[in-house]
Amino acid sequence: MQNNKISGSEALIRALVDENVDTIFGYPGGAIMPVFDALYDYKDKINHILARHEQGATHAAQGYARVSGKAGVVLVTSGPGATNTVTGVADALIDSTPLVVLTGQVSSNLLGSDAFQEADVVGITKPISKWAYQVRRAEDIAWAVARAFYIANNGRKGPVVIDITKDAQQGTVDYFYEKINFIRSYQPVPDLNREDVEKAAKIINQAQKPLALVGQGVILSGAEQELKEFLQKADIPAGMTMMGLSALSTDDPYNVGMLGMHGNVSPNMKTNECDVLIAIGMRFDDRVTGDLKTYAKQAKVIHFDIDPAEIDKNVQTEVKVLGDAKVTLAEVTKLLDKKEHTSWRESFKKYDDEEYEAVIEEEIYPNEGKIKMGEVVRRISEATHNDAIIVTDVGQNQMMGVRYSHFKKSRSMVTSGGLGTMGFGLPAAIGAKIAAPERTVCLFVGDGGFQMTMQELGTIMANDIDVKIIILNNHFLGMVRQWQELFFDERYSETIMKNPDFSTIAKAYGIPAKKIEKREDLDGAIAEMINHKGTYLLDIQVELKGMVYPMIPAGTTVTNILLGDNKKA
């Protein structure tokens, strides 16, 4: 605790130091200049990463948060600086990523006057954040920062926006900082209901064909070990949502693969065969459920979640178990009988074999033709000993990246799930590497998404950040083209991409790069990239009209799985 008169701007920086913030992603401007001036004297305590665009700063902060488990911090100016963060804030809300976004604002006496670079930041971000608040007095800055970090990091995690007027930054205050661990109007974690715990355990003990659906909530709560003990004791197979990937290692015997539209066949098919469906830290997104009228109607549903708003929102539950998954899983596990569901677990293999023969073998071990996306992903995963942090952009590169990468550790997969933000990948990979400098970070990105935020190559150059960038270049907006091929009579409206030479662009930023067109050059280029100290870009020319299978057409039942042309599971 300190008592000394300082500026509101310095109070903001000191508050961040007191919250143990070590990295800020930002971009200066007129209405936030006093804060950047104060930051100048704290460079030994806080590392500022100058992004090349405010959207890039927010996505980098998301990547940092997802890998580190700490809230990502963004610092930008008013008006367009603040509005450029909106996509990242919305992305963070739907994917439960803790962010604290600090925006400058015009002076209080100018509010509402359409002053230069004024925007109603609170009004814009309130619907897409956990809390949005405007500070107009220097003496409220420390309080607001403490509250912001508490809200962002507790309960269902998410983004908070603090808009700080210029006069609040320039005013003076006796600095005092006290971390918040309680807000009367906010209960981040619901009280544990013993009766619900007992009901859940009883249903699981009676199950003959139980199936767990594992979401990112397990990772956010640090409940990976509790999940393992839960699955092992009751002998329950587990399907993973895309956001839940890496909560269990890929080769864990209880991990039966990814759920969803482009997930694995067996967990999707078994969703409509199980007798008890146990959702853990997931929200029954439409990409997982398909048509709700036909989804798991035969099963008793148990839903573990920290957010009461998710219960019965999409899927009706038999029992809800509210609370932090680290606690609730452990409590239910205590009441479980030791079970063996051998025949049930073995029944998944039939679908696994079918998928391997119809889709996977040809995707990762093709005999001829152009390079396939899946084979690139699998070779890179193997070249990194399945130990890299995998970051993806959005589209076919994303689906191939998550399908064919293998994971050993938790917090090893970073992608934009709920919002599906093209351009997310490159800046998120920067944040991921800063959060875990000792780990290899591999980014899979399409030629379309790469061009949305490729200016962040400048951030990489300026900060000497080591990211392995793999452009899966098919000269299309691939996922939209796939839908056009399947559902719009191959009318490729505005999906053909005429691209620049990405290798030349990379080299302009001092980044070594190679363009790969032949399969025989692939392994050597991958080895060179992995062994290079620093960022390296591979522009890999993949087949133009590659398809991501399996695929469940949107809005249909989860068992309506396409394995290719005229092939269904």
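What you see is a predicted model, and the numbers here were worked out from it, not measured in a lab.
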Participant: So does Tyr64 get a backbone contact from the side chain of Ser68, meaning a donor-acceptor N/O pair under 3.5 Å?
Facilitator: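 At least one qualifying donor-acceptor pair exists.
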Participant: Determine, step by step, whether Ile183 and Ile151 satisfy the side-chain contact (heavy atoms from CB on, under 4.5 Å) criterion, reporting the C-alpha distance in whole Å, the side-chain angles of both residues, the deciding distance to 0.1 Å, and the verdict.
Facilitator: CA-CA 9 Å; Ile183 297 174; Ile151 293 171; 3.8 Å; yes
Participant: A side-chain contact here means heavy atoms from C-beta on lying under 4.5 Å apart; do Met479 and His262 qualify?
Facilitator: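 Yes - at least one pair of side-chain heavy atoms lies under 4.5 Å apart.
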Participant: Would you say the side-chain atoms of Asn264 pair up with the backbone N or O of Met258, donor to acceptor, closer than 3.5 Å?
Facilitator: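 Side chain of Asn264 to backbone of Met258: a pair is present.
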Participant: Is it true that Arg283 and Glu310 have a side-chain N and a carboxylate O under 4.0 angstrom from each other?
Facilitator: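 Glu310 and Arg283: not salt-bridged.
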Participant: Please answer whether the main-chain N or O of Thr172 pairs with a side-chain N or O of Ser7 as donor and acceptor at a distance below 3.5 Å.
Facilitator: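 No, Ser7 side chain to Thr172 backbone: no donor-acceptor pair under 3.5 Å.
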Participant: State whether the number of non-hydrogen atoms from other residues, nucleotides or ligands found under 6.0 Å of Met461 atom CE is greater than 12.
Facilitator: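 Counting neighbours around CE of Met461, more than 12 heavy atoms of other residues, nucleotides or ligands fall under 6.0 Å, so yes.
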Participant: May I have all residue pairs that pass salt bridge (Lys or Arg N to Asp or Glu O under 4.0 Å) and include part of residues 394-408, sequence neighbours excluded?
Facilitator: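 Pairs touching residues 394-408 that pass the test: Glu355-Arg403.
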Participant: Distance-only, no hydrogens or angles: does the Ser9 side chain make a donor-acceptor pair with backbone N or O of Gln169 under 3.5 Å?
Facilitator: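 Checking the backbone N and O of Gln169 against the side chain of Ser9, a donor-acceptor pair under 3.5 Å is found.
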Participant: Which pair of non-hydrogen atoms, one from Gly290 and one from Val558, has the smallest distance, and what is that distance?
Facilitator: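 Minimum heavy-atom separation between Gly290 and Val558: N-CG1, 4.1 Å.
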Participant: Distance only, no hydrogens: is a donor on one side chain within 3.5 Å (strictly under) of an acceptor on the other, for Gln105 and Glu118?
Facilitator: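 No - no donor-acceptor pair under 3.5 Å links their side chains.
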Participant: Minimum heavy-atom separation for Leu426 and Leu443, please, with both atom names.
Facilitator: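 Looking at all heavy atoms of both residues, the closest pair is CA-CD2, 3.6 Å.
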Participant: Checking the side chain of Glu139 only, and the main-chain atoms of Ala168 only, is there a donor and an acceptor separated by less than 3.5 Å?
Facilitator: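 Pair absent, no side-chain N/O of Glu139 close to backbone of Ala168.
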Participant: Please list, chain by chain and in numerical order, all residues satisfying side chain to side chain contact (heavy atoms under 4.5 Å, CB included) with Leu322, sequence neighbours excluded.
Facilitator: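 For Leu322 the side chain to side chain contact (heavy atoms under 4.5 Å, CB included) partners, ignoring immediate neighbours, are Pro190, Pro308, Ile311, Lys320.
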Participant: Is the gap between the ring centers of Phe36 and His48 under 6.0 Å?
Facilitator: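 Ring centroids of Phe36 and His48 are less than 6.0 Å from each other.
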Participant: Among residues at least two apart in sequence or on other chains, which ones pass salt bridge (charged side-chain N to carboxylate O under 4.0 Å, His left out) with Lys468?
Facilitator: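 For Lys468 the salt bridge (charged side-chain N to carboxylate O under 4.0 Å, His left out) partners, ignoring immediate neighbours, are Asp466.
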Participant: Could you check whether Thr415 and Thr392, counting side-chain N and O atoms only, form a donor-acceptor pair closer than 3.5 Å?
Facilitator: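 Checked: Thr392/Thr415 side chains pair up, N/O donor to acceptor below 3.5 Å.
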Participant: Just verifying a value: how many Å separate Arg156 CZ and Asp324 CG, rounded to the nearest 0.5 Å?
Facilitator: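 Interatomic distance, Arg156 CZ to Asp324 CG, rounded to 0.5 Å: 13.5 Å.
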Participant: List for me each residue that meets side chain to side chain donor-acceptor pair (under 3.5 Å) alongside Thr459, sequence neighbours excluded, and say none if there are none.
Facilitator: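 Applying side chain to side chain donor-acceptor pair (under 3.5 Å) to Thr459 gives Glu456.
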Participant: Counting only heavy atoms not in Lys313 (residues, nucleotides, ligands), do more than 12 fall under 6.0 Å from its NZ?
Facilitator: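 Buried by this count: over 12 neighbours within 6.0 Å.
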Participant: Among residues at least two apart in sequence or on other chains, which ones pass side chain to side chain contact (heavy atoms under 4.5 Å, CB included) with Gln187?
Facilitator: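 Partners of Gln187 by the side chain to side chain contact (heavy atoms under 4.5 Å, CB included) criterion, ordered by chain and then number, come out as Asp191.
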Participant: Within the distance-only criterion (no hydrogens, no angle test), does the side chain of Thr125 pair as donor or acceptor with the backbone N or O of Ile128 below 3.5 angstrom?
Facilitator: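 Not a single qualifying donor-acceptor pair exists.
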Participant: Cut-off 3.5 Å, side chains only: do Asp95 and Gln216 have a donor facing an acceptor?
Facilitator: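 Side-chain D/A pair, Asp95 to Gln216: absent.
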Participant: Is there side-chain contact between Asp312 and Phe284, with heavy atoms separated by less than 4.5 Å?
Facilitator: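 Of all side-chain heavy-atom pairs linking Phe284 with Asp312, none is under 4.5 Å.
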Participant: Do you know which of Thr453, Asp393, Asp91 makes side chain to side chain donor-acceptor pair (under 3.5 Å) with Thr421?
Facilitator: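 Among the candidates, only Asp91 passes.
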Participant: So do the side chains of Cys442 and Thr384 get within less than 4.5 Å of each other, counting heavy atoms only?
Facilitator: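 Yes; the side chains approach each other to less than 4.5 Å.
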Participant: Would you please name every residue forming a side chain to side chain donor-acceptor pair (under 3.5 Å) with Asp252, sequence neighbours left out?
Facilitator: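 So Asp252 forms no side chain to side chain donor-acceptor pair (under 3.5 Å) with any residue.
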Participant: Does some side-chain heavy atom of Tyr509 sit less than 4.5 Å from a side-chain heavy atom of Ile460?
Facilitator: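 No, their side chains stay 4.5 Å or more apart.
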Participant: Hey, is the main chain of Pro267 close enough, under 3.5 Å, to the side chain of Thr271 for a donor-acceptor pair?
Facilitator: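 Between the backbone of Pro267 and the side chain of Thr271 there is a qualifying donor-acceptor contact (under 3.5 Å).
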Participant: Rounded to the nearest 0.5 Å, what separation is found between the OG1 atom of Thr83 and the CD atom of Gln117?
Facilitator: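 Atom-to-atom, Thr83:OG1 and Gln117:CD are 9.5 Å apart.
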Participant: Side chains of Ile306 and Ser221, heavy atoms from C-beta outward: is any pair under 4.5 Å?
Facilitator: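 The answer is no, as the side chains (C-beta and beyond) never meet within the 4.5 Å cut-off.
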Participant: Which atoms form the tightest heavy-atom contact between Val321 and Ala200, and what is the distance?
Facilitator: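 Nearest pair, atom of Val321 first, then Ala200: CG2-CB, 3.8 Å.
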Participant: For residues Leu102 and Leu12, determine if any side-chain heavy atom of one lies less than 4.5 Å from a side-chain heavy atom of the other.
Facilitator: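 Answer yes - side chains close enough.
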Participant: To the closest 0.5 Å, what do you measure between OG1 (Thr250) and OH (Tyr404)?
Facilitator: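 Rounded to the nearest 0.5 Å, the OG1-OH separation comes to 13.5 Å.
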Participant: Just verifying a value: how many Å separate Ile24 CD1 and Leu50 CG, rounded to the nearest 0.5 Å?
Facilitator: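 Nearest 0.5 Å value for the CD1-CG distance: 12.5 Å.
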Participant: Tell me the closest heavy-atom pair linking Ala247 and Val214, and the distance in Å.
Facilitator: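 Taking Ala247 first and Val214 second, the nearest heavy atoms are CB-CG1, 4.1 Å.
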Participant: I'd like to know whether Val89 forms a side-chain contact (heavy atoms from CB on, under 4.5 Å) with Val161, so could you lay out the CA-CA distance, the side-chain angles of the two residues, the decisive distance to 0.1 Å, and finally the verdict.
Facilitator: CA-CA 8 Å; Val89 173; Val161 178; 4.3 Å; yes
Participant: Under 3.5 Å, side chain of Arg287 to main-chain N/O of Ala554, donor-acceptor pair present?
Facilitator: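 Flag not set: sc Arg287 to bb Ala554 has no pair under 3.5 Å.
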Participant: Could you check whether any side-chain heavy atom of Ile49 comes within less than 4.5 Å of a side-chain heavy atom of Ile434, counting everything from C-beta outward?
Facilitator: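 Touching, per the 4.5 Å side-chain cut-off.
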Participant: In Å and rounded to the nearest 0.5 Å, what is the CD1 to OG1 distance from Ile280 to Thr328?
Facilitator: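 Answer for the CD1-OG1 pair, Ile280 versus Thr328, is 8.0 Å.
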Participant: Scan side-chain atoms only and decide if Thr165 and Asp167 contain a donor-acceptor pair under the 3.5 Å cut-off.
Facilitator: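 Result is yes, a qualifying pair exists.
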Participant: Strictly by salt bridge (Lys or Arg N to Asp or Glu O under 4.0 Å), give each pair with a member in residues 103-115 just once, sequence neighbours left out.
Facilitator: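 Salt bridge (Lys or Arg N to Asp or Glu O under 4.0 Å) check on residues 103-115 returns no pairs.
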Participant: Check Gln451 against Met497 and note the closest heavy-atom contact, atom names and distance.
Facilitator: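 Closest pair (atom of Gln451, atom of Met497, distance): NE2-CE, 3.6 Å.
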Participant: Using ring pair (Phe, Tyr, Trp, His ring centres under 6.0 Å) as the criterion, list what pairs up with His406, not counting sequence neighbours.
Facilitator: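 None.
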Participant: Evaluate whether atom CZ of Phe149 has more than 12 neighbouring non-hydrogen atoms of other residues, nucleotides or ligands under 6.0 angstrom away.
Facilitator: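 Enclosed.
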Participant: Please find the pair of heavy atoms, one from Phe25 and one from Gly431, that lie closest to each other, and give the distance.
Facilitator: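 Where Phe25 meets Gly431 most closely, the heavy atoms are CZ-CA, 4.1 Å.
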Participant: Does the side chain of Phe444 reach to within under 4.5 Å of the side chain of Ile469, using non-hydrogen atoms?
Facilitator: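 No, every pair of side-chain atoms sits at 4.5 Å or beyond.
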Participant: Test your reading of the model: is there a side-chain donor-acceptor pair from Lys228 to the backbone of Leu248, 3.5 Å cut-off?
Facilitator: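 Between the backbone of Leu248 and the side chain of Lys228 there is no qualifying donor-acceptor contact (under 3.5 Å).
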Participant: If you round to the nearest 0.5 Å, how far is CD of Gln398 from CE of Met422?
Facilitator: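 Here the interatomic distance stands at 10.5 Å.
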Participant: How would you list, by chain and number, every residue that makes a ring pair (Phe, Tyr, Trp, His ring centres under 6.0 Å) with Phe450, sequence neighbours excluded?
Facilitator: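 Residues passing ring pair (Phe, Tyr, Trp, His ring centres under 6.0 Å) with Phe450: Phe502.
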Participant: Checking the side chain of Asn255 only, and the main-chain atoms of Gly257 only, is there a donor and an acceptor separated by less than 3.5 Å?
Facilitator: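 Checked: pair present.
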Participant: Restricting to pairs with a member in residues 89-138, which pass ring pair (Phe, Tyr, Trp, His ring centres under 6.0 Å), not counting sequence neighbours?
Facilitator: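 Every ring pair (Phe, Tyr, Trp, His ring centres under 6.0 Å) pair that includes a residue of residues 89-138, provided the two are not neighbours, is Trp131-Tyr133, Tyr133-Trp143.
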Participant: What residue pairs, at least two apart or across chains, pass salt bridge (Lys or Arg N to Asp or Glu O under 4.0 Å) with a residue in residues 47-73?
Facilitator: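 Residue pairs passing salt bridge (Lys or Arg N to Asp or Glu O under 4.0 Å), neighbours aside: Asp22-Lys70.
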Participant: Write out all pairs satisfying salt bridge (Lys or Arg N to Asp or Glu O under 4.0 Å) with one or both partners inside residues 29-50, taking only residues at least two apart or from two chains.
Facilitator: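 Qualifying pairs: none.
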